[in-house]
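To keep things clear, I will list the structure first and then write my remarks on it.
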There are 2 protein chains.
Amino acid sequence: MKSNITMKDIANKLGVSSVTVSKALNDKEGVSDNLKLKIKKVAGEMGYRFNSAAKSIKDGLSYNIGVMIPQRFTGLNDSFYLRVYQEIAVQLDHYGYFGILNILSSDEEEELSFPRVYSENKVDGIIILGQISKKYIETVQNMDLPKLFLDFYDEHAMIDSIVTDNFYGAYELTNYLIQNGHRDIAYVGNVHSTSSIQDRFLGYYKSLLEHGLKFEERLLLNDRDERGYYIDIELPDRMPTAFVCNCDQVAYNLCERLRGAGYRIPDDCSVVGFDNDIYATLNSPQLTTVEVDIEQMARTAVKSIMDKVSNPNRRNGRVLVHGKIIYRQSVRNISDSPVVL
Amino acid sequence: MKSNITMKDIANKLGVSSVTVSKALNDKEGVSDNLKLKIKKVAGEMGYRFNSAAKSIKDGLSYNIGVMIPQRFTGLNDSFYLRVYQEIAVQLDHYGYFGILNILSSDEEEELSFPRVYSENKVDGIIILGQISKKYIETVQNMDLPKLFLDFYDEHAMIDSIVTDNFYGAYELTNYLIQNGHRDIAYVGNVHSTSSIQDRFLGYYKSLLEHGLKFEERLLLNDRDERGYYIDIELPDRMPTAFVCNCDQVAYNLCERLRGAGYRIPDDCSVVGFDNDIYATLNSPQLTTVEVDIEQMARTAVKSIMDKVSNPNRRNGRVLVHGKIIYRQSVRNISDSPVVL
DNA sequence: CTGAAAGCGCTTACAG
DNA sequence: CTGAAAGCGCTTACAG
C-alpha cells in the first residue's frame with residue numbers, strides 16, 4: 001500500500017530538507033517566499049497528499065469526532081438523528097475535523113462496553129445523540145474524553161448537553177391552545193420514556209398551572225410502551241377539546257385514531273405536535289407544531305465539543321436551543337368571542 | 001493532550017519491552033501465555049487504549065472509508081442516503097473499519113476540488129452515494145484510491161458500482177400491470193435526470209415491447225426540471241389506465257394530482273411506485289412498489305470496497321442488487337376475465 | 001533562511 | 001520466549 005508521495009520525496013526532488021518542505025506546506029516562517037512557492041508547485045505536480053496519521057501521532061489528536069447514535073433510533077422512517085449527524089459533519093468541516101458515525105448496538109449498550117472509536121483512540125471527542133440507558137451513561141462518564149449529549153440530558157450525569165427547548169416549546173404551544181379557548185387539554189406521551197417527552201409534558205403542565213387549569217390523570221394519554229414501541233392510543237371517555245402530542249408522528253397517529261372514531265380535526269378536536277417533521281405536513285390538516293432548529297443544534301454542539309477538545313476542563317452545562325412554533329390548520333378557535341391579539 | 005497510557009508504560013511497569021507488550025496485546029506468537037495474560041491484565045487496569053494513528057502510519061492504512069453524499073441529496077425529507085450510510089457504518093464495523101461522512105457541497109462539486117478526506121489521506125477508499133456531475137466523476141477518477149459508486153453508475157467511467165436492479169424492478173412491475181389487464185400505461189419521470197430513472201424507464205419499456213404494446217411520447221410524463229426540482233405533473237389529454245412512477249414520492253405527488261382532477265385510485269387509475277419509502281405507506285391507498293434492499297446494498301458495497309483496499313486492481317464491474325415487489329392496493333385488475341395465477 | 005536530530009507510538013525483521 | 005534496532009511521515013525544538 002506504500003506508493004504515496006511524502007515530504008521527503010519532494011525534498012529530494014528539490015535538493016532541500018524535509019523540514020523545509022514541512023514549513024513551506026504549512027505556511028510557517030523560516031522559508032523564503034520563493035522557495036515556498038516552488039515547493040508548493042512541485043508538491044502539486046507530484047500529487048502530494050498530506051498524511052494526517054503522521055500529524056495525529058505527533059499531536060495526539062485524531063482530528064475526528066465520534067457521533068454515537070443508538071441503533072434503535074436509526075431504523076425509524078424519519079431519520080432525524082441522521083440529519084443531525086449530517087449537519088454535524090458539515091459543521092466539523094469548518095474546524096478541519098471529520099465525523100465518525102458510531103451506531104451503538106443494543107448488545108453494546110447492554111454489555112456496557114466502550115465503543116471502538118474510544119478504545120482505538122479514533123476520536124478526540126464524542127457527541128452522543130438520542131437517549132441511552134442510565135447504565136450506559138455511566139460507561140460514557142468513564143470515558144476519558146470530551147463528551148456531549150445532544151437532544152437529551154441526564155441530570156445526574158455531569159455531562160454537558162445541548163437540547164431543544166422542549167419545555168418552553170410545549171409551554172408556548174399550550175398557551176396558544178388556551179388563547180384559542182381550549183380549557184380541556186390532554187397531553188399524549190409516555191413521560192417515563194425520554195427526557196424530551198417529560199420536559200414537553202412539564203411545559204404543558206406549567207401552562208395549565210399558569211392559567212389556573214387543573215391537571216387530571218385522565219388527560220395524560222400513553223403513546224408507547226417501556227421499550228419505546230408505539231401502542232394504540234386509548235381515547236378517554238370524556239373527550240378533551242385539544243391534544244398536545246409529544247411529537248408529530250404521535251400526533252399523526254392520534255389523528256388517524258380520532259378520524260377512525262368519527263372526530264374531525266380541527267372541528268371536533270384540535271391537535272398540536274412537536275418537531276415539524278414529515279408527519280406534520282403529511283397530516284391533513286397540516287399540524288401546528290414546533291420546529292427543531294437542527295442546524296443551530298449542530299452548530300452549537302460542534303462548537304462546544306471543539307471547545308472541550310482544546311480545553312478539557314471547559315464546562316458549558318445544559319444549553320437550550322430555541323424551537324419555533326409553526327402555525328398551521330390543526331387548531332380551531334373555540335372561544336365564544338374572537339381572540340384579541 | 002498527552003496523558004495517554006502507551007505500550008511503553010505497560011512495559012516499564014512489568015519490566016518487559018514494548019515489543020513484548022505489542023505481541024501480547026495483538027495475540028501474536030513469541031510470548032508465553034503466562035506473560036501474555038499478565039500484560040493484558042495490566043493493560044486493562046491501566047486503562048490502556050490502542051493508538052490507531054501509530055498503526056496507521058506503519059501500515060499506510062487509515063482504517064476509515066469515506067462516504068461521499070452530495071449535499072442536495074441530504075436535505076430531503078426522506079433520508080434514503082443517510083440510511084444507507086448508517087448501514088454502511090454498521091457493515092464497516094465488521095471489518096474493523098469506520099465510516100467518515102463527506103457531504104459534497106455544490107461549490108466543491110463545481111470547483112472540481114478533491115475532498116478533504118482524500119487530500120488529507122483520511123480514508124483507504126471512498127464510496128460515492130447518489131449521482132454526481134459528469135465533471136466531478138472525472139475528478140473522482142483522478143483520485144488514486146479505491147472507489148465505488150453506490151446507487152448510480154456512469155457507463156463511461158470505469159468505476160465499479162452497486163445499484164438496485166432498477167431495470168428488472170420496473171420491468172416486473174410493468175408486467176404485473178399488464179397481467180392485471182392494463183394496456184395503456186404511462187411512465188412518470190425525467191429520463192435525463194438520473195441513471196436510476198432512466199433504467200427504470202427502460203425496464204418499463206422492455207415490458208411494453210415484450211407484450212407488443214406500442215410506446216408513445218404522450219405516455220412519458222415529466223416530473224422534475226433539469227436541476228432535479230419537482231414540477232407539477234401534466235396529465236395527458238387521453239388518460240392511461242395505469243402509471244409507473246420512477247419513485248414513491250413522485251407516485252404520491254401524482255396521486256394527489258389525480259385526486260385533485262377527480263380520479264379515484266385504483267378505481268379509475270392504477271399507480272405503482274418504486275423504493276418502498278415512507279410515501280408508499282402514507283399514500284392512500286398504499287402503493288404497490290419495489291423495495292430497495294438497503295442492507296444488502298450496504299453489505300455488497302462494503303465487501304467490494306474492502307476487496308479493493310486489499311487488492312487495488314480488483315474490478316467487480318456493475319453489481320445489481322435485487323429489489324422485491326411489495327404488492328398493495330394501488331393497482332386494480334381491469335381485465336374482462338379474472339387473471340388466473 | 002535552512003537543516004540535522006529527536007521523537008510521537010507502534011510494528012516488523014532480526015538476533016539472541 | 002524475549003528484546004534492541006530501525007522505520008512509518010511528520011513536526012518541534014535547536015543550531016548554524
Side-chain angles (χ1 to χ4, degrees), chain A residues 1-40 42-43 46-64 96 118-124 144, chain B residues 1-40 42-43 46-64 96 118-124 144:
Chain A
M1 298 306 302
K2 209 74 305 81
S3 70
N4 281 329
I5 314 294
T6 69
M7 288 190 179
K8 190 87 194 112
D9 296 328
I10 301 172
N12 289 153
K13 184 136 189 175
L14 252 42
V16 298
S17 83
S18 61
V19 175
T20 302
V21 174
S22 170
K23 284 174 185 160
L25 260 24
N26 287 298
D27 269 326
K28 297 236 162 115
E29 303 213 316
V31 190
S32 68
D33 288 352
N34 202 347
L35 182 53
K36 214 178 249 187
L37 239 51
K38 200 158 30 171
I39 289 174
K40 287 185 180 174
V42 171
M46 296 177 75
Y48 171 74
R49 288 190 285 146
F50 180 72
N51 186 321
S52 60
K55 186 173 164 59
S56 284
I57 205 176
K58 283 288 295 181
D59 304 352
L61 247 28
S62 65
Y63 300 101
N64 295 139
Y118 177 70
S119 53
E120 296 181 10
N121 259 306
K122 276 286 201 171
V123 297
D124 302 334
D144 176 22
Chain B
M1 296 306 302
K2 217 42 345 70
S3 69
N4 281 328
I5 313 295
T6 69
M7 287 190 180
K8 190 86 194 109
D9 296 329
I10 301 172
N12 288 153
K13 183 136 192 175
L14 254 41
V16 298
S17 82
S18 61
V19 176
T20 301
V21 174
S22 169
K23 285 173 183 160
L25 258 25
N26 288 298
D27 268 325
K28 297 235 163 114
E29 303 213 316
V31 189
S32 67
D33 288 352
N34 203 346
L35 183 52
K36 213 178 252 187
L37 238 51
K38 198 156 32 169
I39 290 175
K40 287 186 179 175
V42 171
M46 296 177 75
Y48 171 73
R49 288 189 285 146
F50 180 70
N51 185 322
S52 59
K55 185 173 165 62
S56 285
I57 205 177
K58 285 287 295 180
D59 303 351
L61 249 27
S62 65
Y63 300 101
N64 295 140
Y118 177 70
S119 54
E120 295 182 9
N121 260 306
K122 274 287 200 171
V123 297
D124 302 333
D144 177 24

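The phosphate of D:dT2 has OP1 or OP2 within less than 4.0 Å of a side-chain N or O from B:S32. Residue A:T6 places none of its side-chain N or O atoms closer than 4.0 Å to OP1 or OP2 of D:dG9. Between B:Y48 and C:dC10, a side-chain N or O to OP1/OP2 separation shorter than 4.0 Å is present.
Between the side chains of A:N121 and B:S52, not a single donor N or O lies within less than 3.5 Å of an accepting N or O.
Counting to the nearest Å, the C1' atom of C:dG3 and the CE atom of A:M7 are 15 Å from each other. A straight line from NZ of A:K55 to P of D:dT12 spans 6 Å, rounded to a whole angstrom. The interatomic distance linking B:I57 (CD1) with D:dT11 (C1') rounds to 11 Å, in whole Å. Between B:N12 atom CG and D:dT2 atom P the separation is 17 Å, expressed in whole Å. To the nearest angstrom, P of D:dC10 lies 11 Å from NZ of A:K8. We find that CD of B:E29 is positioned 13 Å from P of C:dT12, with the value rounded to whole Å. Rounded to whole Å, atom P of D:dT2 lies 11 Å from atom CG of B:L14. The distance from atom OH of B:Y63 to atom P of C:dC10 is 14 Å, rounded to the nearest whole Å.
Between A:S18 and B:L35, the one whose closest nucleotide on DNA chain D sits nearer the 5' end is B:L35.
Of the possible donor and acceptor atoms, one in the side chain of A:S62 sits under 3.5 Å from a partner among the backbone N and O of A:K122. Side chain of A:S56 to main chain of A:L61: a donor-acceptor pair is present (N/O by atom type, distance under 3.5 Å, no hydrogens or angles).
Counting non-hydrogen atoms of neighbouring residues, nucleotides and ligands closer than 6.0 angstrom, the NZ atom of B:K36 exceeds 12 such neighbours. For A:K13, the NZ atom counts as loosely surrounded, since its 6.0 Å shell holds 12 or fewer non-hydrogen atoms of other residues, nucleotides or ligands.
Pairing analysis of DNA chain C (Watson-Crick: purine N1 to pyrimidine N3 plus N6-O4 or O6-N4; G-U wobble: N1-O2 and O6-N3; both under 3.5 Å) yields stems of 3 or more pairs at C:1-3 with D:14-16, C:5-12 with D:5-12, C:14-16 with D:1-3.
Taken residue by residue, residues 20-28 of chain A places heavy atoms nearer than 4.0 Å to DNA chain D at A:S22, A:N26, A:K28.
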Only distances under 3.5 Å count here; give the side-chain donor-acceptor pairs of residues 23-30 of chain A to other protein atoms, sequence neighbours excluded, each with its distance to 0.1 Å.
{"residue": "A:N26", "atom": "ND2", "partner": "A:S22", "partner atom": "O", "Å": "2.9"}
{"residue": "A:D27", "atom": "OD1", "partner": "A:K40", "partner atom": "NZ", "Å": "2.9"}
{"residue": "A:D27", "atom": "OD2", "partner": "A:K40", "partner atom": "NZ", "Å": "3.3"}

Walk me through whether A:Y63 and B:E120 qualify under side-chain contact (heavy atoms from CB on, under 4.5 Å).
CA-CA 11 Å; A:Y63 300 101; B:E120 295 182 9; over 6 Å; no
Are A:T6 and A:N51 close enough, and set up right, to give a side-chain contact (heavy atoms from CB on, under 4.5 Å), and what steps lead you there?
CA-CA 8 Å; A:T6 69; A:N51 186 321; over 6 Å; no
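The side chain of B:A54 sits closest to C:dC10 out of C:dA4, C:dC10, D:dG3. The side chain of A:K58 lies closest to D:dT11 when the candidates are D:dT11, D:dC8, D:dA4.
Of the residues B:T20, B:I39, B:D9, the one that meets the side chain to side chain contact (heavy atoms under 4.5 Å, CB included) test with B:L14 is B:I39.
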